[in-house]
There are 2 protein chains.
Amino acid sequence: MESPSQPKTSTLADDVFDQLRIAIVTGEIAPGSKVNEPQLSKQYGISRGPLREAIRRLEGCKLVELKANVGAKVVSLNREQAIEIYEVREVLEGLSCRLAAAKASTEDCTRLRELLTQHEQQIQSDNGRRYFQKEGDLDFHYLIVQLSGNKRLFSMLCGELYHLLRLYRVQTSSEPSRPVRAFKEHHHIVDAIEQGDGELAELLMKRHIANARQMLLTTLSGDADAADMAQEASSDRSAMG
Amino acid sequence: MESPSQPKTSTLADDVFDQLRIAIVTGEIAPGSKVNEPQLSKQYGISRGPLREAIRRLEGCKLVELKANVGAKVVSLNREQAIEIYEVREVLEGLSCRLAAAKASTEDCTRLRELLTQHEQQIQSDNGRRYFQKEGDLDFHYLIVQLSGNKRLFSMLCGELYHLLRLYRVQTSSEPSRPVRAFKEHHHIVDAIEQGDGELAELLMKRHIANARQMLLTTLSGDADAADMAQEASSDRSAMG
DNA sequence: AATCAATTTATTGTTGACAATATAGGTATT
DNA sequence: AATACCTATATTGTCAACAATAAATTGATT
């Protein structure tokens, strides 16, 4: 136990912002649903003031959309918008890898390997479901952008795009068919980073994400045959990068 | 004259957000300075409620930084942070060009040319100062990302990075030495877009911005000789892209 | 029965007051 | 004189009430 009254460093708006963000990206608050201020303020036991501030910050993450005199509603991403995100993500994470390859130490690469190994074990112990359901694959991408050392890049990916990706995954209940291929690609990326080959690391990551985007274009188009074909064509690559 | 009382579609927080953003990126509110709520609320004639909401939205644009129980302060970018922005901008605008090349119509390219011509005339009539002082060069980049059709990309560049660039320019009172070279590069980029050569357009834009970043590394390092050398090496390229 | 208008209800926008925290200033002590 | 502590001031955080707008309901008319 700690001392009972430590001076709190966070504000109510901060706390409810975190809680709301989690509630949104986990689907607890349905995509497209309206954000009702009186209801939420009662639910979280705070007044509307800090709640509204939290909502304004959620708007900054692009998780809700505001309209004057109408209120906020949780974003709902269609496939087109998801593809736009993947296009942006491809170049940003390519940059991540290029920078990471130039800066990563031996210990950093060890951490990357450990992360992949750990994920592989989780996969084997749960038939490949838990890893992606629990967003474990994002950990890998998350660590790389950290290693890049570019804080602006980190902010854009981890402060915005990854949350939107999680939202889209829960929204579409999408799960990759076979993560095995994704693991291989991940290891190849670490290989390149380990060798300090930024160009190759960038290329591999961009290809990795481009493959995932390609799956989006077909798998979720409602055309089952096209989806199967794309899956074959991409050699069982992960659907979500 | 219009009818005196049209139903207003914007809220106080929206208006003061726009005004504050302009005040920040023009340097009217100094970088690094503290944001005083009582003062600003009096200055803009509103209460602290909507003002605080506007500040939270400014935080979303990364124009202010918030600390609990202390308040907001306007961001102040150092060279390292500016370089990070340029690294991100390089790949994002490269993507802009690649996509724009695939989608731009003949009319779109005409608009790009007109914009460049217009800017060139402004330069000649004002010794090259007004164009960059008034951020006219960003118009060019702005239009290209619009043509890309990727709204997420547009949001990231025009909703965040460009504002930060303006802030950095006013903060460092930086002006490119000779925009002539930048114009040539701009025209070459339009050439590639016009020919539908996305790869080339991407390459040229990335190089264009990489050159500007390189100027940053040297011109503002306090080492005048290094700055001059870099300027020669980059063949009088614009300093700010 | 359907459509439009008026009324009611609910939600958002805004305000001023109060509480909690941090900052500034002053006093005493070493 | 410098530091630590206490006090006073200012600023931020939070709340509840009021105003303005939008949404829902009711009723009248065709």
Side-chain angles (χ1 to χ4, degrees), chain A residues 2-21 23-24 29-76, chain B residues 2-21 23-24 29-76:
Chain A
E2 285 292 332
S3 66
S5 65
Q6 52 211 343
K8 66 172 177 181
T9 176
S10 71
T11 166
L12 284 188
D14 291 335
D15 297 340
V16 75
F17 167 74
D18 291 334
Q19 297 180 48
L20 278 177
R21 188 172 58 180
I24 289 175
I29 302 180
S33 66
K34 184 159 172 15
V35 176
N36 189 307
E37 293 182 9
Q39 175 209 325
L40 285 178
S41 87
K42 230 191 302 185
Q43 183 174 332
Y44 288 98
I46 63 174
S47 72
R48 283 177 51 219
L51 175 65
R52 283 170 67 88
E53 292 181 10
I55 292 174
R56 294 311 179 278
R57 290 181 55 189
L58 288 173
E59 187 200 16
C61 306
K62 308 295 164 59
L63 286 175
V64 303
E65 289 167 354
L66 285 172
K67 213 161 88 178
N69 293 315
V70 174
K73 76 172 213 285
V74 179
V75 298
S76 178
Chain B
E2 285 292 331
S3 66
S5 64
Q6 52 211 345
K8 66 173 176 180
T9 176
S10 70
T11 164
L12 283 188
D14 291 334
D15 296 341
V16 75
F17 167 74
D18 290 335
Q19 296 181 48
L20 278 178
R21 188 171 59 180
I24 290 175
I29 301 179
S33 66
K34 184 161 172 11
V35 176
N36 189 309
E37 293 181 8
Q39 175 210 324
L40 285 178
S41 88
K42 231 190 304 185
Q43 184 173 333
Y44 288 98
I46 63 174
S47 72
R48 283 177 53 221
L51 175 66
R52 284 171 65 90
E53 293 180 9
I55 293 174
R56 295 312 179 278
R57 290 181 54 187
L58 287 173
E59 187 199 17
C61 305
K62 308 295 164 58
L63 286 176
V64 303
E65 288 167 356
L66 285 173
K67 213 161 86 178
N69 293 315
V70 174
K73 75 171 214 284
V74 179
V75 299
S76 178

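Naming convention: chains lettered A, B, ... in sequence-line order (proteins, then strands); numbering from 1 in each chain.
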Starting from [atom2] on [N], measure out to [atom1] on [X] and report it in whole angstrom.
X      : N       : atom1 : atom2 : result
E65(A) : dT12(C) : CD    : P     : 16 Å
E53(B) : dT15(C) : CD    : P     : 11 Å
E37(A) : dA10(C) : CD    : P     : 16 Å
L40(B) : dT12(D) : CG    : P     : 9 Å
D14(A) : dT14(D) : CG    : C1'   : 13 Å
K42(B) : dT15(C) : NZ    : P     : 15 Å
N36(B) : dA24(C) : CG    : C1'   : 14 Å
L66(B) : dG13(D) : CG    : P     : 8 Å

task = Remember a base hit wins even if backbone is also touched, and classify G49(A) as base, sugar-phosphate or nothing at under 4.0 Å, heavy atoms.
result =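 No contact.
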inquiry  = Counting the atoms with a prime plus P, OP1 and OP2 as sugar-phosphate, which does P50(B) contact under 4.0 Å by heavy atoms, base, sugar-phosphate, or nothing?
reply    =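 Touches a base.
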inquiry  = For T11(A) and V70(A), find the nucleotide of DNA chain D closest to each by heavy atoms; which residue's nucleotide sits nearer the 5' end?
reply    =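 Nearest nucleotide further toward 5': that of T11(A).
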At under 4.0 Å, does any side-chain N or O of [X] touch on OP1 or OP2 of [N]?
X      : N       : result
R52(B) : dT15(C) : no
N69(A) : dT11(C) : no
K34(B) : dT11(D) : no
R48(A) : dA16(D) : no

Trace of the side-chain contact (heavy atoms from CB on, under 4.5 Å) decision for F17(A) with C61(A) = CA-CA 11 Å; F17(A) 167 74; C61(A) 306; 3.8 Å; yes
message = Side chain of P38(A) only, heavy atoms from C-beta on: which candidate in dT12(C), dT12(D), dG13(C) is closest?
response =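 It is dT12(C).
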key: Options dC15(D), dT12(D), dT11(C), nucleotide nearest the side-chain atoms of L12(A)   =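 Minimum distance to the L12(A) side chain belongs to dC15(D).
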key: Test side-chain contact (heavy atoms from CB on, under 4.5 Å) applied to R21(B) and I24(B), step by step   = CA-CA 5 Å; R21(B) 188 171 59 180; I24(B) 290 175; 5.8 Å; no
request  = For K34(B), look at atom NZ and say whether over 12 heavy atoms of other residues, nucleotides or ligands are found less than 6.0 Å away.
outcome  =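 Atom NZ in K34(B) is packed in, count exceeds 12.
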query = Under a 4.5 Å cut-off applied to non-hydrogen side-chain atoms, are L66(A) and K73(A) in contact?
reply =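 No, side chains not in contact.
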request  = Applying side-chain contact (heavy atoms from CB on, under 4.5 Å), run through E53(A) and R52(B) and close with a yes or a no.
outcome  = CA-CA 7 Å; E53(A) 292 181 10; R52(B) 284 171 65 90; 2.6 Å; yes
